[in-house]
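One structure is given here, and the rest of the page talks about it.
Bear in mind the structure is a predicted one, so any value in this text is a computation, not a measurement.
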Amino acid sequence: MKAAGRSVGARVRDHLAASDPGLLRLTAGLRTVGAIALTLAVLAPLGLDITHMVAGAMTSMAATFAIRERQRRAQAVTLAVGLPVALASVSAGALLSERVWIGDVFAVALIFCAVYGRRFGDRGMSLGLIGFQMYFVSLFVGATPGQLPGLWAVMAVGFASSAIVRFAVVPVTPTGLLERLREAFRARMARLVSAQLALLDAGPDEVDKALEEVRDGTARLHETALMIQSRLEAGTPDEPTARLVQRRIADAEIAAERLGLLLLSARSAERADTLTLHLPGAPAPEVGRMPGPEEATALLRRDLLALSTVVLRSGPSGTGVAQVRNRLLGYRDEENLPAGSAAVRDVFRGIGETARAVMGLRIALDGPQDESDDSPATARSREELDAEDAAIDAEETEEEGEEPKGLERPTTRAAVQVAVGSTLAIVGGELLSTDRWYWAVLTCWIVFINTASTGEILVKGYRRLLGTVFGVVAGIMLAALVGGNTAAAFALVLVLIFAMFYTAPLSYTLMSFFVTAMLGMLYTLLHTYSWEVLLLRVEETALGAVCGVVAAALVLPVHTDRRTNELLVTVLERLSEVTDAAVGQLSGGLPADLLDKARELDQALGDLRSATKPLTHPVTPLRARRTNARYVVALLETCAYHARALAATAELLPTHPSIAADPRLRGAAGRTVRNIDTITARVADDEVTAPVETGPSIASLLAGDDAARYGRITGRVLRHLERLDEAVVGLARPLDVPVTAPDH
C-alpha cells in the first residue's frame, strides 16, 4: 500500500511537471495569494475599514506580480525601490482626484513613462507596472488626501508581506527552478514517447488523433527546452556546465522528435514528410499495419514502454532498469537489431539513439552513474559521451546589433502610442462615467503590454473584452452567492486571484474572466456593487480596447505584415547562419559556436510564431492568409529541426567514431544556403527578383565521387540536408519567390 501511494504521488508530480513546467504558474499563484492573505491577516486585527483592507490587498498583489528579475538580490532591490514609487503614485492620485484636467494629464504622462520604462530592462518595466497599478488603486478605492497616512501604512504592509512570501514562504532560486524545469522536460519527454506508442497502435480511424497528440507533445517538449535554455546561465554554476546541459537537452529533444518521424514513416506506405509533425491539422499519411513480422511490432511496443520508464527514472537505478537500458542502447549496433523491414529497423535504431540521449542527459543532470551493470554497448555510449563532454569549448562570443534610435525604438513607439490611446480613453471614458473612466485607460494600457503590432493589439483587446463579458456574468452570480458576508467575499477573491495567475500564461481570455469576477467581489466588499457598475465595466473595456487599436493603427503604426516580415527575415538569417556553420564544420572547417546559434534560431522562430497569432486566430476572416501563415511557420519549424540536428551532429565531429569531415558537403549544401539567402533578400526587399534554385538531390551530388561516402559522412546527415533543402524550396511558393531548375 505504501509503494502504491508513492506511485500515485510520483504520477501526480509528473502530471504537474508536464502541465506546468518549473511550476511557474503554481508559484505565481501561490505567491500572490500568500502575499494578499498575509497582508489581510496583519491588517484585520487593526480594525481598519474595508477601503484600507482592499488597498493593502491590491498593493501586495501589484508588488508580487510586477517583479520580473530572476536573481533574488535584484528582486529585493526592485521591491525596495518600488515602495517609494508606489507611495508617490498613490499620493499623486489622491491629491489630483479633485483636479480633473491636471489629473488626466498626469495619468497620461505616468502611462507614457511606465511603457517607456521597458527600455531599461526588467527593473524599468517592474517600476513602471508598480507606478501605474498603484495610481489605479488610488482611483479604485477613491483615495483622498486625508486618507494618505493610513494608505501609506497599509501599502508598506503590502510590500513587506510580498517580500516575506517571496523570499521565505515560497522561495524560488535559479538553481531550484532549473531543477524543476529539468523534471518537466523528463515528464514531457515521457509523454511524447507515450504518444508515439499510441501512434504505433492507432487504427486507420484513430491515426489523425494520435498524430495530433504527437505534434502537441513535440511542441511542448520544445517549449520546455527553450525555457531551460533561457535559465541556464543563472541556474548553473559555470559556463561549461551550462553548455553541457544545453547540449544534452538539444540531443534528447532531437532524438525524441526523430523517433516520432521514424515511427510515422514505418507506418505509412511512403516516406513521411517532416512537415507532417509541424503543421497543425495536417492530415496523417495513409497508414496500414506495421511491415514485417508481428514479433517486431510487439518488441517495438515493449521497448517504447521501456523507454518511457527509463526517461522518467531519476536517481540511482537498479539492476532491472540497467538491463532495460542496456537492451535499448544495444539497438545502436546493427547486429542487435531485430528482424524486420528497413523502416522498422530504423525505428529500433531511433529507440537506441533516444536511450543514448536520455543517458547523456541523466549524466549531465545527476552526475556520474553506477557502471557496474553496463553492457559493452552501454560502455561504448558512455565513452562517446565522456569524449563529447571533454570537447566542450567554454568560450562564448556575443555580437551586438545596432540598436534603433528615436521613434524607431520599440519602447519609444509603444509609449507614444499608448499615451495617445490613453488620452482618447480618458476623454471617452469620462463621457461614459466621471467616476469609472479609468477602466478604459487600464484596458488601453494593458493591450500594449507584450504586444508589438496592430494585429496583436487587436487580438488582445478582443480577448480581454470577451473575458470581461463572461466575467461580468460570473461576478453577478458570485455577488448574489456571498451576499454581505465579508469573509466569504475575501476568500473568493483569493481563489479568483489564484486562478487568474495560474491561467494567465495559458489564456488571456480566461485571465480577464477571473479578473472581472474578482472585481465584482471587490465591489461587493466596497458596497459599490451593482449591475450597472459591471455593465459599465464592459463598456469601458470595449472603449479602451478600441482606443488602443486606433492609436496603434494611426500613430507610428507597425502593421502585422511589417512585423512578421521583419521577424521572418531574422529567422531566415539565423537559419542561414546555423546551416552554413554546421555544414562548414561537417566539411572540415573551423569549429563554430553552434549551440548558441541554434538557440538564437529557436528564439527568433518563437518570436515569429507569437507575431503570427493575429493572422492564424480562428476569428480572422482571411482564411487563405491564415492557412498560408500556418504553413510558412510549420515549414520554418521543419527547417529549424533539421538545422538543429545538423548542428548537434557537427558538435560530435571531434569525438564520434562514425562521423568524419567530408569536404564535399560544403559544395553540395551550398545551394541550400544560397536559397535561404535568396528568400531572405526577397522578403526584405520586393524589388529582388533572384529565384530559388532546384536540382539533383544532395545525396546524388556525392554519389559519384566516393563509393565509401557513408563511411565518411553518415546517412543521417545526408537525410537532414536533403529534408532541409526540400523544406527551403517549399518556402518559396507561399512567399511568392520564383523557383527555377538549372539548364543542365
Side-chain angles (χ1 to χ4, degrees), residues 18 182 185-200 213-215 217-222 224-225 228 245 247-267 272 274 277 296 299-314 317 321-334 336-338 340 343-366 369 375 377-378 380-382 384-385 388 641-642 644-645 648-649 651-652 656 658 714-716 719-720:
R182 293 166 180 172
F185 186 86
R186 283 173 169 149
R188 285 193 164 180
M189 189 172 179
R191 286 195 168 194
L192 176 56
V193 174
S194 298
Q196 292 167 350
L197 176 60
L199 180 62
L200 171 68
E213 291 179 355
V214 171
R215 286 194 193 108
T218 302
R220 289 177 178 272
L221 184 68
H222 183 58
T224 310
I228 291 174
V245 175
R247 174 186 286 178
R248 295 300 171 228
I249 289 290
D251 287 346
E253 180 193 356
I254 292 170
E257 187 168 355
R258 180 171 176 268
L259 177 59
L261 182 63
L262 291 172
L263 184 61
L264 185 61
S265 296
R267 289 220 56 186
T274 317
L277 287 182
L299 289 177
L300 275 180
R301 187 177 298 109
R302 179 201 66 180
D303 289 333
L304 285 171
L305 280 171
L307 179 61
S308 178
T309 301
V310 170
V311 168
L312 286 174
R313 179 74 61 173
S314 60
S317 56
V321 174
Q323 290 175 348
V324 170
R325 179 200 62 208
N326 292 340
R327 184 180 76 241
L328 300 182
L329 287 170
Y331 293 141
R332 300 184 67 223
D333 295 333
E334 293 293 320
N336 294 328
L337 294 175
V344 171
R345 288 165 67 88
D346 275 344
V347 179
F348 280 105
R349 291 189 188 94
I351 290 176
E353 292 297 332
T354 306
R356 176 191 184 274
V358 170
M359 185 172 72
L361 181 61
R362 175 162 294 111
I363 293 172
L365 300 181
D366 302 331
Q369 309 290 303
S375 65
T378 303
R380 284 196 302 274
S381 295
R382 286 193 193 276
E384 293 172 4
L385 292 169
E388 292 169 18
Y641 161 67
H642 292 297
R644 286 197 306 270
T649 305
E651 289 273 334
L652 302 178
H656 204 288
S658 63
T714 63
R716 185 184 308 174
R719 284 195 295 270
H720 284 304

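Between Phe348 and Ala296 the shortest heavy-atom distance is CZ-O, 3.6 Å. Nearest heavy-atom pair across Ala252 and Ala357 is CA-CB, 3.7 Å. Contact detail for Arg248 and Asp251: the closest heavy-atom pair is NH1-OD2, 3.0 Å. In terms of heavy-atom proximity, Val324 sits nearest to Ala306 at CG1-CB, 3.4 Å. Closest approach of Gly330 to Ala377, counting heavy atoms only: CA-CB, 3.9 Å. Across every non-hydrogen atom of Ala266 and Val347, the tightest pair is CB-CG2, 3.8 Å.
In this structure, CZ on Arg302 lies 3.5 Å from CZ on Arg327, to the nearest 0.5 angstrom. From His642, atom NE2 reaches atom CZ of Arg644 across 10.0 Å, with rounding to the nearest 0.5 Å. Of the inter-residue distances, the one linking Ser375 atom OG with Arg325 atom CZ reads 7.5 Å to the nearest 0.5 angstrom. Distance check: Arg332 CZ to Ile351 CD1 gives 14.0 Å after rounding to the nearest 0.5 Å. Considering CD1 of Ile249 and CD1 of Ile228, their distance stands at 4.0 Å, rounded to 0.5 Å.
Residues Arg349 and Asp346 have side chains in contact (heavy-atom distance under 4.5 Å, counting atoms from C-beta outward). In this structure the side chain of Leu192 never reaches within 4.5 angstrom of the side chain of Met189, judged on heavy atoms. For the pair Arg356/Glu353, a side-chain contact is recorded, criterion being any heavy-atom separation below 4.5 Å from C-beta on. Between Arg382 and Ile363, some side-chain heavy-atom pair lies under the 4.5 Å cut-off. Counting heavy atoms from C-beta on, the side chains of Leu259 and Leu307 come closer than 4.5 Å.
A side chain to side chain contact (heavy atoms under 4.5 Å, CB included) with Thr218 is found for exactly one of Gln196, Glu253, Glu257, Glu213, namely Glu257. Partner of Tyr331 under the side chain to side chain donor-acceptor pair (under 3.5 Å) criterion, chosen from Asp303, Asn336, Thr354: Asp303.
Arg215 meets the salt bridge (Lys or Arg N to Asp or Glu O under 4.0 Å) test with Glu212; sequence neighbours excluded. For Tyr641, the ring pair (Phe, Tyr, Trp, His ring centres under 6.0 Å) partners two or more places apart in sequence, or in a different chain, are His720. Not counting sequence neighbours, the partners of Arg301 by the side-chain contact (heavy atoms from CB on, under 4.5 Å) test are Leu197, Leu200, Asp201, Thr297, Ala298.
At least one donor-acceptor pair closer than 3.5 Å links the side chain of Thr309 to the backbone N or O of Leu305.
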Determine, step by step, whether Ser381 and Thr378 satisfy the side chain to side chain donor-acceptor pair (under 3.5 Å) criterion, reporting the C-alpha distance in whole Å, the side-chain angles of both residues, the deciding distance to 0.1 Å, and the verdict.
-> CA-CA 5 Å; Ser381 295; Thr378 303; over 6 Å; no
